[in-house]
Structure formats: structure tokens, C-alpha cells
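Below is one structure; the comments refer to it alone.
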Amino acid sequence: MSKWLNPRSAFGLTLIIVALLALPFVAALGGQAWVRILNFAILYVFLALGLNIVVGFAGLLDLGYIAFYAVGAYTYALLASPHFGLHWPFWVILPCGAAIACFFGVILGSPTLKLRGDYLAIVTLGFGEIVRIFMNNLNAPINITNGAQGITLIDPVAIGDLRFSTTTHILGVSLSGPQKYYYLLLALAILVIVINLRLQNSRIGRAWQAIREDEIAAKAVGINTRNLKLLAFAMGASFGGVAGGVFSAMQGFVSPESFSLIESIMILAMVVLGGMGHIPGVILGAVLLSILPEALRYGVGPIQMAVFGKMLVDPESLRMLIFGLALVLVMRFKPAGLWPSPERKRAAPAAGASHG
Amino acid sequence: MLEVTGLRVAYGGIQAVRSITFHVNQGEMVALIGANGAGKTSTLKAIARVLDAAGGDVHFCGEKITRVPPHAMISKGLALVPEGRGVFPRLSVAENLAMGAFVRHDKAVINDDLERIYGYFPRLKEREKQLAGTLSGGEQQMLAIGRALMGRPKMLLLDEPSMGLAPLMVNKIFEVIRAVAATGMTVLLIEQNARLALQSSQRGYVMESGEITLTGASASLLDDPKVRAAYLGE
């Protein structure tokens with residue numbers, strides 16, 4: 001921590017904090033839609049860092065991460081909407097969502113303890129789909145999730161009289177709903193970053209690294225691999241649950257559609273593209289992959305109209321094209337990610353040799 | 001110190017180890033030799049509990065350890081150096097060695113032990129900051145042994161330390177193993193390189209298709225015509 005104390009770092013840190021605090025006002029100049037895009041970027045940072053614990057630290061390839069996000073989102077939706085007539089405050093529901101998602105994390109973790117790599121990926125992928133299909137069909141015989149129609153009119157976050165759905169004026173500054181969510185998300189994201197940083201250099205973090213590197217050797221040096229793998233699943237899932245809750249409140253609406261396999265893959269891509277196991281890299285990956293598609297959506301259409309006078313390529317399909325190309329290029333030229341940890345960078349050229 | 005009675009290991013329906021019984025006395029180096037697929041590694045893995053035995057008992061220092069979870073072994077004093085070295089490739093040499101002391105909390109003594117191990121393997125000291133995955137095979141084997149010693153075990157289980165190494169490096173590794181044994185460490189050594197294993201150890205067991213077929217003092221096994229024909233290429 002001492003590196004934060006030298007004056008240059010302190011100055012840099014202050015600059016970052018000021019920039020982050022001012023960002024929603026700058027974005028609002030381009031319309032509230034941009035603030036919402038920012039919010040989703042932070043939400044994805046949150047999710048990606050949660051998944052990073054499982055995939056990056058412990059090396060467990062989880063393709064069903066979105067299931068925990070779904071569990072958190074539905075927990076919030078059911079406890080704060082007219083659907084059951086419950087309207088609990090968000091600070092009660094978020095921990096509930098985290099706990100329930102954590103429970104599901106352990107449920108997924110325990111039968112998969114002996115699986116690794118591709119086999120684990122297949123099982124987790126199946127788990128993600130099972131959760132989504134349950135959400136889709138739990139409307140009969142008892143209507144729990146309202147099926148494919150989803151749950152609407154979910155309560156926004158509210159602290160006392162400060163409702164996050166409306167614009168408020170504080171000290172002459174008008175703060176829109178999305179801007180308020182921005183600060184809430186920022187606070188949560190900083191919390192998850194701090195937890196990630198602390199974990200990385202802890203005894204638990206080192207044990208996870210050892211499991212990732214060689215499980216038998218990890219056992220031989222005295223690491224309880226079973227408990228630590230479960231812990232990784234549980235912690236990752238809890239973060240997913242919290243993110244889901246905030247998503248639910250922010251959108252006011254959830255349906256199973258939001259929790260498809262492609263979302264899991266997207267979050268995994270953020271982790272891999274940025275630099276697996278390296279916190280700044282994962283943040284970069286999440287921000288890039290969540291903002292770029294939106295920038296494309298807003299940029300490509302008007303540019304085409306201006307240059308060609310008509311729409312030649314649908315921005316939506318272009319998005320997947322560019323996304324795929326970007327992934328291929330990164331894997332070809334920066335296999336350890338855009339911003340890998342220093343160790344991985346050193347290891348990358350020798351990675352092929354070391355397994356021989 | 002280590003007593004194995006009627007140990008059996010099976011993969012599905014296939015018996016890899018068929019009820020073997022042997023023991024290792026305190027301070028002794030015992031070699032378990034045999035051809036590829038004789039069941040040596042399965043035996044060792046079952047003792048270290050990385051693998052579940054199908055039957056039989058293992059006692060260590062008088063205590064039954066047949067149901068002890070694998071991660072508790074090092075605290076009991078039993079350290080496994082896995083087959084194929086099993087270092088943590090993307091951790092540095094120093095981090096690998098520190099991992100070996102994962103279950104210990106006596107920081108001051110850990111540092112002394114680290115210096116002692118660097119004394120055995122000056123090469124590791126030179127490459128302290130290097131990633132383990134970038135070391136040569138021999139250096140990785142040194143690191144794996146060093147890491148096991150960092151747990152302050154009473155006994156070492158070595159799984160094919162010579163595997164895939166250049167002859168010169170094999171000699172160097174065995175020099176260290178003998179030096180460690182000379183400090184009073186109990187060692188169970190599994191080897192395909194029968195000559196070197198028998199030259200270094202006091203007693204030996206010969207394994208064939210999951211059974212122990214011969215046993216005796218290493219020196220007499222070296223002279224045994226059957227062993228000479230089957231394992232020493234004479």
C-alpha cells in the first residue's frame with residue numbers, strides 16, 4: 001500500500017477520483033443515454049471482477065456466471081415489486097441477493113469440484129441455461145417468476161426520500177436518476193476492486209493461484225483445494241448477485257432474456273481480453289467491451305447516413321463482427337490479454353515450452 | 001515409520017496395485033523400483049491420498065492415515081514430490097518455495113529453511129525471481145524437492161525424480177537426495193532408473209504388475225541376477 005503514499009501517485013489518484021466524479025456530468029452533455037451506458041460499463045466492471053475471482057484467480061472456467069446475476073436480479077425483482085406486493089428496501093435485498101447467489105454458487109461448485117477445464121466449462125454452461133430456463137417456466141403451477149413476460153414495475157433504489165428514479169436538486173445541482181445510479185455503482189465497484197486487491201495478495205489468493213497452476217502440487221503443500229474452490233465459486237457468485245440486484249433496480253424490469261449464454265460469454269471475454277487475473281486489465285476489458293459496442297451503435301449509423309446517404313450495414317450486426325475480429329486479433333497478438341499482469345507477460349513466450 | 005499393509009489401487013475395474021505390503025524405517029531411504037506401469041506411482045499417490053485406495057491400510061508414525069485428506073498430509077510430516085515435478089509454473093522460484101511453507105506460521109524459521117534450501121541448490125538462489133515454468137527440467141526438479149522440504153516434513157515421497165532429465169542432471173539431483181537423506185530424512189524413492197535408485201538407498205522393493213516380487217538390501221538386489229537381467233540391462 002505504500003506506493004499510494006508517494007506524492008506522484010497521490011496526485012494521479014486524486015486526478016482519477018475527480019475525473020470519475022465529474023464523468024456523469026460530462027456524459028450528460030451527450031444525453032442521459034450516455035450516462036446509462038456509463039452505468040452499464042461500471043456494472044460490467046463489477047461483474048467481470050466477480051468472475052475474475054473464479055476464472056482469473058482460481059483458474060476455474062465458468063461459463064454460467066450469468067446465472068448468479070440472474071438470481072440476484074430476480075431476488076431483487078421479487079422482493080421489491082407489485083408482483084408479490086413486497087417492497088423491501090434495497091439495502092436489505094442486496095445482501096439477500098448476494099447470499100442466495102452465494103448459495104447457488106456452492107450448489108454449482110460442489111458437484112464440479114473434480115472437474116477442470118473443458119469439462120467444468122460444459123457443466124457450468126449447462127447450469128447457466130438451467131437457471132434461465134427455470135426463470136422462463138416458473139410461472140406455473142404457482143406463478144413465481146412470471147415466465148417470459150418477466151417482472152415489471154420494480155422499485156428503484158431509494159435512500160429515505162431520495163428516490164433514484166427521479167431527478168433531484170441538491171445545492172443547486174440537478175442530479176438525474178442515472179447519475180445517482182452512477183455514484184451508487186461507482187461506490188460498489190470501488191468496493192469490489194478493493195476486495196479483489198486484498199484477495200490477490202492474501203493467503204487465500206496465493207492458495208487459489210497454486211490451485212490454478214497445479215492442483216496435485218497444491219494439495220501436496222497443504223492447501224484444502226475443495227474448500228478453496230468452493231470459496232471462489234461462492235465469492236464470485238455473491239458479486240454476481242449484487243450486480244443483478246442493482247441491474248434490476250436500475251432497469252425496473254427483468255426477464256429471462258437478459259440472462260442468456262451470450263451474456264456469460266461476454267463477461268468471460270471481458271476478463272480474457274483485458275488480462276485474466278490482473279485487476280486493471282479486467283477493468284479495462286470490461287469498460288472497452290461495454291462502451292465500444294454502444295459507441296458503434298451511435299457512431300456507425302449517422303456516419304453511414306452522412307457518407308452513403310443510406311444504411312448499408314446494420315450497426316447491430318457490425319457490432320458482433322468487430323467484436324469477433326477484436327477477440328481474434330487480441331488472442332493472436334496479445335495472448336495474455338491487453339493489459340496482463342507482469343508475471344503473465346513474462347510467462348507468455350515460455351508458456352508453450354513449459355508444458356512440453 | 002511408514003507401514004503399508006495390503007494396499008490396493010484400482011482404476012475402474014483395472015487393478016493397478018494388488019495388495020502390496022512394505023515398510024520404511026525412520027531415517028532410511030527405500031527404493032521402490034519397477035518398469036513403466038508396474039503401479040509405483042499409483043502406490044505413492046495412494047499413500048499421499050491424492051488418489052483413493054481401493055483397500056488396505058497406511059500407517060505413518062503409528063497413526064492410521066488412510067482416511068486423512070491429502071492437504072493434511074504435510075502437517076503430519078509427509079511431503080509428496082509429484083511425478084513430472086509439479087511446480088507452479090507462473091509463480092517465481094521464491095514464491096514456489098514460499099508456497100511449500102503454506103501450512104507453517106513460524107516466519108523466522110521459514111527464512112532459515114529457505115537459506116538452507118538455497119544452500120542445497122545454489123542454482124535456485126540464482127534464479128530466485130525467475131518464473132518456475134522457465135526453468136530447465138532439472139532445475140524444476142530441484143525446486144519441487146526444495147518446496148517439499150519447506151514444509152519441514154519427517155518423510156519425503158519422491159516420484160521419479162530422474163524422469164526426463166539429462167544424465168548429468170540426474171547425477172546432480174541424486175547427489176542432493178543423498179545429502180538430504182544423510183541429514184536423517186526418511187525417503188521413499190520411486191524410480192525407473194533402478195541402478196541409481198539401488199545405489200542410493202539402503203533397501204529396495206521390486207514391483208511388477210501391481211505386486212511386490214522381490215525385496216532386500218539394495219546392495220544384494222544390485223547383485224541379484226533377476227534384477228540385473230530385468231532392470232539393469234545386463
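Just so we're on the same page: letters track the sequence lines, and every chain starts at 1.
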Checklist entry - Under a 4.5 Å heavy-atom cut-off, does chain A meet the side chain of B:R49, its backbone, both or neither? => result neither
Next on the checklist: Counting neighbours of CD on B:Q26 that are heavy atoms of other residues, nucleotides or ligands and sit closer than 6.0 Å, is the number greater than 12?
Outcome noted: no
Checklist entry - Does a sphere of radius 6.0 Å around CZ in A:F104 hold more than 12 heavy atoms from other residues, nucleotides or ligands, not counting ones at 6.0 Å or beyond? => result no
Item to check | Residue pairs passing the side-chain hydrogen bond (donor to acceptor under 3.5 Å, both in side chains) test where at least one lies in residues 174-189 of chain B, sequence neighbours excluded | outcome: B:R178-B:S200
Next on the checklist: Any side-chain to backbone donor/acceptor pair from A:E213 onto B:R90? Under 3.5 Å, distance only.
Outcome noted: yes
Item to check | Contact origin within B:V81 toward chain A - heavy atom pairs under 4.5 Å | outcome: neither
Next on the checklist: B:F102: which residues meet the ring-ring contact (aromatic ring centres under 6.0 Å, His included) condition with it, sequence neighbours left out?
Outcome noted: none
Checklist entry - When only heavy atoms count and the cut-off is under 4.5 Å, which of residues 69-80 of chain B reach chain A? => result B:P70, B:H71, B:I74, B:L80
Checklist entry - Between A:A217 and B:G86, which heavy-atom pair has the shortest distance, and what is it? => result CB-O, 3.1 Å
Checklist entry - Who pairs with A:A210 by side chain to side chain contact (heavy atoms under 4.5 Å, CB included), at least two apart in sequence or on another chain? => result A:A218, A:I223, B:F88, B:M99
Checklist entry - Stepwise, does the side-chain contact (heavy atoms from CB on, under 4.5 Å) test hold for A:I216 with B:E83? => result CA-CA 10 Å; A:I216 289 185; B:E83 187 185 23; over 6 Å; no
Item to check | Heavy-atom neighbours of B:Y118 OH exceed 12 at 6.0 Å | outcome: yes
Next on the checklist: Tell me which of these, A:K219, A:R206, A:R203, has more heavy-atom pairs under 4.5 Å with chain B than the rest.
Outcome noted: A:R203
Item to check | Heavy atoms of other groups near A:F11 CZ, more than 12 under 6.0 Å | outcome: no
Next on the checklist: Using a 6.0 Å cut-off, check whether atom CG of A:L325 has over 12 heavy atoms from anything other than its own residue.
Outcome noted: yes
Next on the checklist: Within a 6.0 Å radius of atom CG on B:L168, are there more than 12 heavy atoms belonging to other residues, nucleotides or ligands?
Outcome noted: no
